[in-house]
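Please read the structure below before turning to the comments.
What you are looking at is a predicted structure, and each value in this text was computed from that prediction instead of being measured. Per chain, numbering begins at 1; letters A, B, ... match sequence-line order.
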Number of protein chains: 2
Amino acid sequence: MSLKPVNGAATLAAARRGGGASRYATLARLLTEEIEAGRYKVGQMIPTEAELQQRFDVSRHTVREALRDLKSQGLLTARAGVGTVVRAKSRPTRFMQGIGTLKELVQFVEATRMKVVKRRVLLADADLAERLAVKEGQQLHEAFVLRFLPKEKETVPVASMFIYVRAEHGGVLDHIDKAGQPVFSLVERHHGVRIVEVSQQIVAVTLAPVEARPLKARAGSTALHISRQYFDSQDRMVMASIGLYPSDRFSHNTKFRIQPPDEKDS
Amino acid sequence: MSLKPVNGAATLAAARRGGGASRYATLARLLTEEIEAGRYKVGQMIPTEAELQQRFDVSRHTVREALRDLKSQGLLTARAGVGTVVRAKSRPTRFMQGIGTLKELVQFVEATRMKVVKRRVLLADADLAERLAVKEGQQLHEAFVLRFLPKEKETVPVASMFIYVRAEHGGVLDHIDKAGQPVFSLVERHHGVRIVEVSQQIVAVTLAPVEARPLKARAGSTALHISRQYFDSQDRMVMASIGLYPSDRFSHNTKFRIQPPDEKDS
DNA sequence: TGTCATTTGTTCGTATGTATG
DNA sequence: CCATACATACGAACAAATGAC
């Protein structure tokens with residue numbers, strides 16, 4: 001709305017579609033388009049700030065805001081005394097930083113009480129090996145646990161899960177119900193391994209009677225089936241879990257923040 | 001180290017070690033420390049720009065540069081007319097980087113063909129406003145789309161979804177079935193906004209007959225119900241989607257990599 | 001409802017510092 | 001040393017969003 005006509009700013013004003021965008025945003029998009037169109041090629045320098053300022057009849061500040069945007073997207077690199085160079089033709093696939101992903105895991109386990117129902121040692125058959133990303137025949141320790149909300153006394157569990165660790169780490173399963181800590185950090189602390197990667201698969205399922213019973217849920221009701229595999233730096237599976245989370249008691253929330261390429265370097 | 005300038009007259013110069021750092025960088029560091037120390041708690045507001053300006057005896061520009069830094073790290077969120085609130089206590093040392101999260105989204109849409117079934121304009125009622133994180137009464141454009149695997153001709157859809165964009169971006173819905181691109185990048189390109197954060201909720205559901213029909217699925221079969229909200233840097237919802245992904249056709253996979261504690265700054 | 005004060009967002013102007021060739 | 005170009009910093013003003021009255 002009330003967009004006051006700027007004297008001589010015809011260049012930017014013309015390119016501004018839909019009054020919503022600010023000048024620097026408009027300029028940023030314009031430059032992006034020019035870069036993508038090949039007017040400024042990768043490795044080449046774009047006009048100086050002063051030149052852009054004149055060309056679009058805006059203040060230097062506005063130019064810098066626009067350039068800052070493109071720099072933060074990795075399209076441009078600026079060096080004092082030299083100029084501003086095109087680094088990439090288009091924005092590379094951006095990384096996402098999961099805020100709340102690890103935190104959420106930690107909070108979940110910290111907010112719940114774990115009860116070990118059953119334990120056993122087994123050798124991974126073909127099916128399990130596939131699902132846990134280990135070799136067939138690998139010796140594993142398994143624990144079947146239930147998670148409860150700590151406040152309420154012994155009501156319905158929030159989730160049930162199978163936890164698997166390699167035979168050499170089997171000891172940690174003795175402590176998982178005491179320490180109010182994620183199992184993977186227990187493994188890390190007790191055995192000096194360092195989890196570097198986590199893989200996760202989520203499927204929707206309906207509970208079979210055998211699965212529903214320990215959860216005190218109705219057979220046939222829906223649940224999230226979440227399996228996770230934890231790997232160390234050599235890509236060995238260190239730990240895995242397969243859990244069932246009834247829909248009426250649990251929803252899986254994640255928040256991603258696009259990672260800004262660290263400024264002022266490279 | 002950090003001495004605490006509490007009342008009025010402590011300049012930044014005192015806290016500046018060596019003098020190597022710029023004022024805004026020094027201020028940014030100082031604020032970070034205060035947040036980590038708990039002086040400003042998560043959810044609380046930090047002093048206004050004017051107050052910080054006075055307290056540290058710097059220009060508003062310098063204050064804003066410092067705040068911009070913290071905002072880009074996800075520690076702060078600012079909203080015009082309200083203030084600047086602390087969002088997180090620290091940039092956690094162990095961060096998870098979702099590899100495959102964004103990539104996976106992109107691949108999914110690139111690997112599928114989208115068909116727009118229906119479109120309409122609507123005002124968000126209380127329920128929808130809640131689910132999409134917008135204000136009640138917000139005008140929205142809605143598209144109901146089906147996703148197919150491109151190879152097979154007109155078989156069963158992989159997913160159905162409702163896509164919502166703000167009224168001023170409604171135009172992009174005209175192109176979503178043509179461009180083999182994620183909708184959010186269309187919005188970014190066409191309107192010069194930049195998605196900075198994505199929030200996602202996953203629940204397991206059973207399909208109601210109305211939902212099952214367009215999917216050519218059996219009513220009562222299970223599906224993942226995934227809603228996502230896309231936000232810009234001012235925390236405004238730019239786009240949202242609510243999708244149903246039948247379990248037998250789709251599973252949600254994510255891979256997280258723990259970020260190495262590189263830490264180079266300061 | 002609408003007005004008003006507050007707070008951040010955008011834009012201009014100007015000056016000086018720093019890195020480079 | 002000097003000219004160039006980006007980096008930092010100060011000041012000022014208005015716009016837009018919001019919440020309170």
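Comparing the local axis fitted to the first five base pairs of the helix from C:dG2-D:dC21 to C:dG21-D:dC2 with the one fitted to its last five gives a bend of 20°, rounded to 10°.
By the side-chain contact (heavy atoms from CB on, under 4.5 Å) test, B:E211 pairs with B:L207, B:A208, B:L244, sequence neighbours left out. Under the salt bridge (charged side-chain N to carboxylate O under 4.0 Å, His left out) criterion, A:D248 pairs with no residue at all, not counting sequence neighbours.
B:R79 comes within 4.0 angstrom of sugar-phosphate atoms only, judged by non-hydrogen atoms across all strands, and of no base.
Under 3.5 Å, the side chains of A:Q53 and A:R60 contain no donor-acceptor pair of N or O atoms.
As rounded to whole Å, 8 Å separates atom P of D:dC6 from atom CG of A:L52. As rounded to whole Å, 4 Å separates atom P of D:dT8 from atom OH of B:Y24. Regarding B:R68, its CZ atom lies at a distance of 13 Å from the P atom of D:dA7, rounded to whole Å. Atom CZ of B:R60 and atom P of C:dT10 are 11 Å apart (whole Å). C:dT8 atom P lies 7 Å from atom CE of B:M45, rounded to whole Å. Rounded to an integer number of Å, the gap from A:R23 CZ to D:dA13 C1' is 13 Å. Rounding to whole angstrom units, CG of residue A:L27 and C1' of C:dC12 are separated by 15 Å. Here C:dT10 presents its C1' atom at 16 Å from CG of A:L67, a figure rounded to the nearest Å.
Listed candidates were D:dA5, C:dG9, C:dT11. Nearest to the side chain of A:S22 is C:dT11.
The structure places CG of B:L70 at 7.5 Å from CD1 of B:I46, a figure rounded to the nearest 0.5 Å. Taking CZ of B:R120 as the start and CG of B:L140 as the end, the distance is 10.0 Å to the nearest 0.5 Å.
Here B:K135 does not reach the OP1 or OP2 of D:dA17: none of its side-chain N or O atoms lies under 4.0 Å away.
Salt-bridge check for A:R64 with A:E49: passed, with a basic side-chain N closer than 4.0 Å to an acidic carboxylate O. Between B:D174 and B:R119 there is a salt bridge, with a side-chain nitrogen of the basic residue lying less than 4.0 Å from a carboxylate oxygen of the acidic one.
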